[in-house]
Visitor: 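I'd like to ask you about the structure that follows.
Residues: numbered from 1 along the sequence shown.
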Amino acid sequence: MNQIEIDNVSCGYSQREVLKQISLCIQPGKVLVLLGPNGSGKTTLLRALFNLVIVNQGKVLLEGQAVNQLSRKQIAQKLALSPQMEAPQWPMTVEETVQLGRSSHRGWVQPFQAEDTEIVDTALQQTGLAELSQRKITEISGGEWRRTLIARALAQQTNVLCLDEPTTGLDLKYQVEILSLIRNLAHERDLTVVLTLHDLNLASCFADQIVLLSQGRIAATGTGEEVLTEERLSDVYQTKVKVLPHPEYQTPFIVPVL
Ligand code: ADP
């Protein structure tokens, strides 16, 4: 069964329809990257998976169930989100923030079990945060906060992980580490990963499937080789680019032509 099925969905906000006639099947064990210029609808598509937008047409199915028939708790047990923008508001520690990822499993009042502690510790280690675990989130860098949000999503232990621009604000080491971790989790544990990226070259290196959005429609979908062509990228991004073979992997390597 497809983990996620988006069937002819048109959706958006009260005054504005953003996505038009989107159809997409997302399978387990794959990393799907949403690409597209600013405002093309990437975040709106992620929101549609969580039933957070107004769907005018079509349906979104999670493991065969219509998402608009599921409670928020049921959705939280199936999908985890690392959002693009969430400010660290309260002086909680990094560890306490990551522990919030367990709340959809144990409720707010049930005590933490040994298993929860182990899952939180693993998420902290996987994101390189173990040494910062007792630091207040109001006293960490933007990159460390971004990794905290990813750790919280990992601690939710869902079958689907959605990440909105997970590499924004991270230095090169953590961009590569986080995307490698996510790809390994997808391939080794059959996790379904949907993420938005701006960096076409990171997408080319890490995606199993790319969906290129343009003005609320799917301009192309497929592997990096299939989607990332000179003509298409120059057209969708309205910027002339050259696509060369990556010197190490032969995957598409995109450079702007100035
Ligand atoms: P992307 O993630 O590709 O940058 P978005 O999905 O954030 O694009 O936005 C797509 C379009 O939807 C944009 O035109 C944006 O202005 C509009 N939009 C985004 N969020 C809202 C909102 N909450 N209410 C109304 N319009 C919105």
Side-chain angles (χ1 to χ4, degrees), residues 31-34 42-43 45-47 49-50 52 72-73 75-186 188-189 191-199 202-203 206:
V31 176
L32 182 137
V33 176
L34 301 173
K42 302 180 295 296
T43 300
L45 185 51
L46 283 186
R47 287 190 186 133
L49 303 182
F50 289 79
L52 293 174
R72 292 253 61 94
K73 183 168 176 159
I75 293 173
Q77 287 171 345
K78 291 179 190 296
L79 300 178
L81 175 69
S82 166
Q84 187 186 130
M85 274 189 278
E86 179 179 326
Q89 303 275 12
W90 311 101
M92 301 166 71
T93 65
V94 167
E95 184 181 43
E96 285 163 347
T97 307
V98 177
Q99 285 172 348
L100 290 176
R102 302 302 303 149
S103 53
S104 59
H105 293 272
R106 62 182 177 88
W108 290 100
V109 285
Q110 282 165 273
F112 237 58
Q113 307 292 329
E115 189 200 5
D116 295 306
T117 308
E118 206 174 296
I119 290 167
V120 168
D121 286 349
T122 304
L124 288 166
Q125 271 161 23
Q126 285 173 326
T127 47
L129 290 169
E131 285 179 10
L132 289 183
S133 66
Q134 299 314 308
R135 187 87 72 81
K136 297 270 189 291
I137 56 172
T138 44
E139 295 167 13
I140 58 177
S141 74
E144 289 159 353
W145 171 238
R146 162 84 28 214
R147 284 187 279 138
T148 304
L149 294 176
I150 294 170
R152 187 183 67 188
L154 289 172
Q156 220 172 307
Q157 289 225 313
T158 51
N159 290 332
V160 182
L161 188 58
C162 299
L163 306 133
D164 201 0
E165 297 188 19
T167 53
T168 302
L170 298 187
D171 64 35
L172 190 60
K173 169 185 145 89
Y174 279 114
Q175 287 182 24
V176 172
E177 277 194 18
I178 291 289
L179 290 177
S180 301
L181 166 70
I182 288 162
R183 185 174 58 181
N184 290 345
L185 289 171
E188 287 162 18
R189 296 207 212 138
L191 190 73
T192 305
V193 180
V194 186
L195 65 144
T196 68
L197 282 181
H198 273 300
D199 189 316
L202 285 176
F206 285 96

Visitor: Name all residues meeting the side chain to side chain contact (heavy atoms under 4.5 Å, CB included) criterion together with Arg47; count only those two or more places apart in sequence or in a different chain, and write none if there are none.
Guide: Tyr13, Thr43, Leu52, Val53

Visitor: For a 4.5 angstrom cut-off between non-hydrogen side-chain atoms, does Thr196 reach Asp164?
Guide: yes

Visitor: Can you find a heavy atom in the side chain of Asp199 that is under 4.5 Å from one in the side chain of Thr167?
Guide: no

Visitor: Atom CD1 in Ile75, atom CZ in Arg72: separation rounded to 0.5 Å?
Guide: 4.0 Å

Visitor: Would you say Asn184's side chain and Leu181's backbone share a donor-acceptor pair under 3.5 angstrom?
Guide: no

Visitor: Please walk me through it: do Thr93 and Ser133 pass side chain to side chain contact (heavy atoms under 4.5 Å, CB included)?
Guide: CA-CA 7 Å; Thr93 65; Ser133 66; over 6 Å; no

Visitor: Report yes or no: does Gln175 contribute a side-chain atom to a donor-acceptor pair with the main-chain N or O of Leu170 at less than 3.5 Å?
Guide: yes

Visitor: Hey, could you give me the CH2/CG distance between Trp145 and Leu132, rounded to the nearest 0.5 Å?
Guide: 13.0 Å

Visitor: Report the distance from atom CD1 of Ile140 to atom CZ of Arg146, rounding to the nearest 0.5 Å.
Guide: 11.5 Å

Visitor: Holding to side-chain hydrogen bond (donor to acceptor under 3.5 Å, both in side chains), I want the full list of residues that pass it with Gln134, two or more places apart in sequence or in another chain.
Guide: Glu95

Visitor: Between Glu144 (side chain only) and Ser141 (backbone N and O only), is there a donor and an acceptor less than 3.5 Å apart?
Guide: yes

Visitor: So, for Leu81 and Pro83, which heavy atoms are closest and what is the spacing to 0.1 Å?
Guide: O-CD, 3.5 Å

Visitor: Could you tell me the separation between the CZ atom of Arg189 and the CG atom of Leu161, rounded to the nearest 0.5 Å?
Guide: 11.0 Å

Visitor: Looking only at heavy atoms, which two atoms of Ala123 and Ala151 are closest? And how far apart?
Guide: CB-O, 3.5 Å

Visitor: If you look at every heavy atom in Ser82 and Ile150, which pair is closest and at what distance?
Guide: OG-CG1, 3.7 Å

Visitor: Which atom pair, heavy atoms only, marks the closest approach of Phe50 to Cys162?
Guide: CE1-SG, 3.8 Å

Visitor: Has the side chain of Arg135 got a donor or acceptor atom that lies under 3.5 Å from a matching backbone atom of Glu139?
Guide: yes

Visitor: Hey, does Leu185 have a side-chain heavy atom less than 4.5 Å from the side chain of Val193?
Guide: no

Visitor: With sequence neighbours excluded, tell me which residues meet side chain to side chain contact (heavy atoms under 4.5 Å, CB included) with Ile119.
Guide: Arg102, Glu115, Ala155, Gln157

Visitor: Rounded to the nearest 0.5 Å, what's the gap from CD1 on Ile137 to OG1 on Thr97? Could you check?
Guide: 4.0 Å

Visitor: Apply side chain to side chain contact (heavy atoms under 4.5 Å, CB included) to residues Gln126 and Leu154 and explain how you reach the verdict.
Guide: CA-CA 9 Å; Gln126 285 173 326; Leu154 289 172; 3.8 Å; yes

Visitor: Would you confirm whether Arg147, through its side chain, and Leu124, through its main-chain N or O, come within 3.5 Å as a donor-acceptor pair?
Guide: no

Visitor: Evaluate the criterion side chain to side chain contact (heavy atoms under 4.5 Å, CB included) for residue pair Thr148 and Val94; output intermediate values, then yes/no.
Guide: CA-CA 6 Å; Thr148 304; Val94 167; 3.9 Å; yes

Visitor: If we only count heavy atoms from C-beta on, is the Pro166 to Leu197 side-chain gap below 4.5 Å?
Guide: yes

Visitor: Quick one, Val194 and Leu46 - any side-chain contact, counting heavy atoms below 4.5 Å?
Guide: yes

Visitor: In the structure I gave you, are the side-chain heavy atoms of Leu32 and Leu195 within less than 4.5 Å of one another anywhere?
Guide: no

Visitor: Do the side chains of Lys136 and Met92 get nearer than 4.5 Å, heavy atoms only?
Guide: no

Visitor: So, taking the atom named NZ in Lys78 and the one named CD in Gln156, what distance separates them when rounded to the nearest 0.5 Å?
Guide: 13.0 Å

